[in-house]
Protein chains: 2
Amino acid sequence: MNISAASKAAALPVKTVRYYADIGLVQAPSRSDAGYRTYDDASVRKLVFIRRSREFGFTIEECRELLGLYQDQDRTSSEVKRIASKRLEEIEEKQRELQSLHDELAHLVTSCRGDQRPDCPIIDYLG
Amino acid sequence: MNISAASKAAALPVKTVRYYADIGLVQAPSRSDAGYRTYDDASVRKLVFIRRSREFGFTIEECRELLGLYQDQDRTSSEVKRIASKRLEEIEEKQRELQSLHDELAHLVTSCRGDQRPDCPIIDYLG
DNA sequence: TCTTGACCTTCCAGTTACTGGAGAGATTAG
DNA sequence: CTAATCTCTCCAGTAACTGGAAGGTCAAGA
C-alpha cells in the first residue's frame, strides 16, 4: 500500500500520516525502491487507533502512551483507565467553562437590541 | 505607568501587553527617555477590554473588531451583536461536540474495570 | 559612590498538531 | 511517449502567546 491508500484506509490526510512517522508516533514505514513509503494492514490499524484517540481529544503524547498500551499484551486496564479518566475530567472542566461562558454571553446577546443605535450592553460589559 | 504597573492593572502578563502592541492590537505606547513603554488609564482600559473579550474566546482578530466598535461612537449595536452571536454559536457547537465525547468516553471509562488485567473496553473501542 | 536587585529592552526560539506549497523524481494510463 | 497523478523532501506558516538570553536603567541602601 502506498501512502495515499493507507491514508484513505485510515481516514487521515497523507500529510498527517507522514507527520506521525516523522515524530515517531508510529514506526517509520518501509520504503519501495523508489523511496515510497509502503504500509501494511497492521500500520493502518495503528493509524486508525491514533485517529480515534485524537478524536477523543487525547494529545499526541497521550496517543503515544495509549498506542503503547494497545500493543502491550501485559498492560493493565488500570493504566488505560487512568489516562481516559484524566481526559474525561478535562472534558468536564471544559464543559463547565463553556457553560458559564455560554450563559453570560447568551444573556448579553439577548439583551442587545441589535439595531442602528450605538448603545450596546455587550460593549458596556466588556469595557 | 511602566509596563508592569499597566500589566497588573489590566491583569495581563507583561509579555502579553507587549505582544498586543507588537501586533498592532493596541496602539504602540509612548516611550520614556530610556525607551521604557509608558501607559495611561485609557490604554489600560483597552487592555482590560481585550482581556475580557479574550476570556469569552473571541480571537485576536475579533478583538480587533470589537475594540474598533468600542472606540467608535457611531457604531451600531447590530454589528456588535453579529460578532457576539457568531461566538455564541461556536460555543454551542463546541458544547454539543463535548457532550457527545463526554457521553461516549464516560461510558467507556465506566465499563472499564481498571484492574491488573489487560482486557479493556477502552482499548477495544479505539483499536 | 558603589553596588545590588528589580525593572526594562530587543530578539530569537519553542509550544501544538498539523497544513500548504515549491521543486523535483516516479509511476501509470492511454 | 507523454500527460496526469503520485510521491518525495524541505521550508514556512498557523494562534496566541511564553521562555529565555544578553544587555541597558533605575532606585535604595551601605
Side-chain angles (χ1 to χ4, degrees), chain A residues 1-26 28-40 43-44 46-67 86-87 90-91 94 97 101, chain B residues 1-26 28-40 43-44 46-67 86-87 90-91 94 97 101:
Chain A
M1 236 186 297
N2 279 346
I3 198 167
S4 69
S7 119
K8 278 187 193 85
L12 282 171
V14 168
K15 281 266 185 187
T16 302
V17 173
R18 259 188 225 112
Y19 175 72
Y20 286 163
D22 284 352
I23 62 171
L25 181 53
V26 296
S30 52
R31 302 288 185 125
S32 74
D33 289 353
Y36 285 17
R37 291 167 180 82
T38 51
Y39 291 85
D40 56 15
S43 349
V44 168
K46 287 174 205 167
L47 288 170
V48 168
F49 183 92
I50 295 166
R51 175 176 54 74
R52 297 219 182 109
S53 304
R54 290 286 300 129
E55 285 166 359
F56 272 115
F58 291 106
T59 65
I60 291 288
E61 289 316 305
E62 286 164 343
C63 290
R64 212 184 283 274
E65 275 192 87
L66 287 170
L67 194 58
K86 175 168 162 289
R87 177 70 193 128
E90 287 165 8
I91 289 174
K94 191 76 189 171
E97 206 179 298
L101 280 186
Chain B
M1 236 186 295
N2 280 348
I3 196 167
S4 68
S7 120
K8 278 187 191 88
L12 282 171
V14 167
K15 280 268 186 186
T16 302
V17 173
R18 257 187 226 116
Y19 175 71
Y20 287 164
D22 285 351
I23 62 172
L25 181 53
V26 296
S30 52
R31 302 288 186 125
S32 73
D33 289 353
Y36 286 17
R37 290 168 180 82
T38 52
Y39 292 85
D40 56 15
S43 347
V44 168
K46 286 174 204 164
L47 289 170
V48 168
F49 182 92
I50 295 167
R51 175 175 56 73
R52 297 220 180 109
S53 304
R54 291 285 301 130
E55 285 166 358
F56 272 114
F58 291 106
T59 66
I60 292 288
E61 288 317 305
E62 286 164 343
C63 289
R64 213 184 282 275
E65 276 192 86
L66 288 170
L67 193 59
K86 174 168 163 287
R87 177 69 194 129
E90 287 165 8
I91 289 174
K94 192 75 189 172
E97 206 179 298
L101 281 186

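Residue numbering restarts at 1 for every chain, and letters A, B, ... go by the order of the sequence lines. This is a predicted model, so every value here is computed, not measured.
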S.K.: Figure out the CG/C1' separation between B:D22 and C:dC12, and round it to whole Å.
M.R.: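 These atoms are roughly 13 Å apart.
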S.K.: Considering only C:dT27, D:dA16, C:dA17, which nucleotide approaches the side chain of A:Y19 most closely?
M.R.: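 The answer is C:dA17, which lies nearest to the side chain.
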S.K.: Does OP1 or OP2 of D:dA16 have a side-chain N or O of B:T16 closer than 4.0 Å?
M.R.: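 Answer is no, no contact under 4.0 Å.
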S.K.: Please tell me which of the listed nucleotides, D:dC8, C:dC11, D:dC17, lies nearest to the side chain of A:I3?
M.R.: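 Per side-chain heavy atoms of A:I3, the pick is D:dC8.
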S.K.: Can a side chain N or O of A:R31 be found less than 4.0 Å away from OP1 or OP2 on D:dT7?
M.R.: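 No, outside the criterion.
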S.K.: Between B:Y20 and D:dC17, is there a contact of a side-chain N or O with OP1 or OP2 at under 4.0 Å?
M.R.: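 Affirmative; the distance criterion is met.
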S.K.: Closest nucleotide of DNA chain D for B:I60 versus for B:D33: which of these residues is on the 5' side?
M.R.: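 Here B:I60 is the residue nearer the 5' end.
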S.K.: Check whether any side-chain N or O of B:D40 sits under 3.5 Å from a backbone N or O of B:S43 as a donor-acceptor pair, and report yes or no.
M.R.: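 Yes; at least one donor-acceptor contact below 3.5 Å.
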S.K.: Between the side chains of B:R52 and B:E55, is the shortest nitrogen-to-carboxylate-oxygen separation below 4.0 Å, so that they form an ion pair?
M.R.: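 Judged by the 4.0 Å cut-off on N to carboxylate O distance, B:E55 and B:R52 do not form a salt bridge.
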S.K.: Quick one: do A:E90 and A:K94 make a salt bridge, cutoff under 4.0 Å?
M.R.: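 Salt bridge flag = no for A:K94 with A:E90.
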S.K.: Which part of the nucleic acid, if any, lies within contact of A:T59, taking any heavy atom under 4.0 Å across all strands shown: a base, the sugar-phosphate backbone alone, or nothing?
M.R.: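 Since only primed, P, OP1 and OP2 atoms lie under 4.0 Å of A:T59, the category is sugar-phosphate.
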S.K.: For A:S4 and D:dT7, is the shortest distance between a side-chain N/O and OP1 or OP2 below 4.0 Å?
M.R.: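 Answer is yes, contact under 4.0 Å.
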S.K.: OP1, OP2 of C:dT10 versus side-chain N and O of B:R37: anything below 4.0 Å?
M.R.: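 For C:dT10, OP1 or OP2 has a side-chain N or O of B:R37 closer than 4.0 Å.
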S.K.: So, OP1 or OP2 of C:dA17: does either fall under 4.0 Å of a side-chain N or O from A:R18?
M.R.: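 Answer is no, no contact under 4.0 Å.
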S.K.: Rounded to the nearest 0.5 Å, how far apart are CD1 of B:I3 and NZ of B:K15?
M.R.: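 So the gap between those two atoms works out to 10.0 Å.
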S.K.: Among D:dT18, D:dC26, D:dC17, find the nucleotide with the atom closest to the side chain of B:P13.
M.R.: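 Nearest listed nucleotide: D:dT18.
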S.K.: Check this one for me: any side-chain N or O of A:N2 less than 4.0 Å away from OP1 or OP2 of D:dT7?
M.R.: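 For D:dT7, OP1 or OP2 has a side-chain N or O of A:N2 closer than 4.0 Å.
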S.K.: Which nucleotide in the set C:dC11, D:dT25, D:dC6 lies at the smallest distance from any side-chain heavy atom of B:Y36?
M.R.: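 Comparing C:dC11, D:dT25, D:dC6 against the side chain of B:Y36, the answer is D:dT25.
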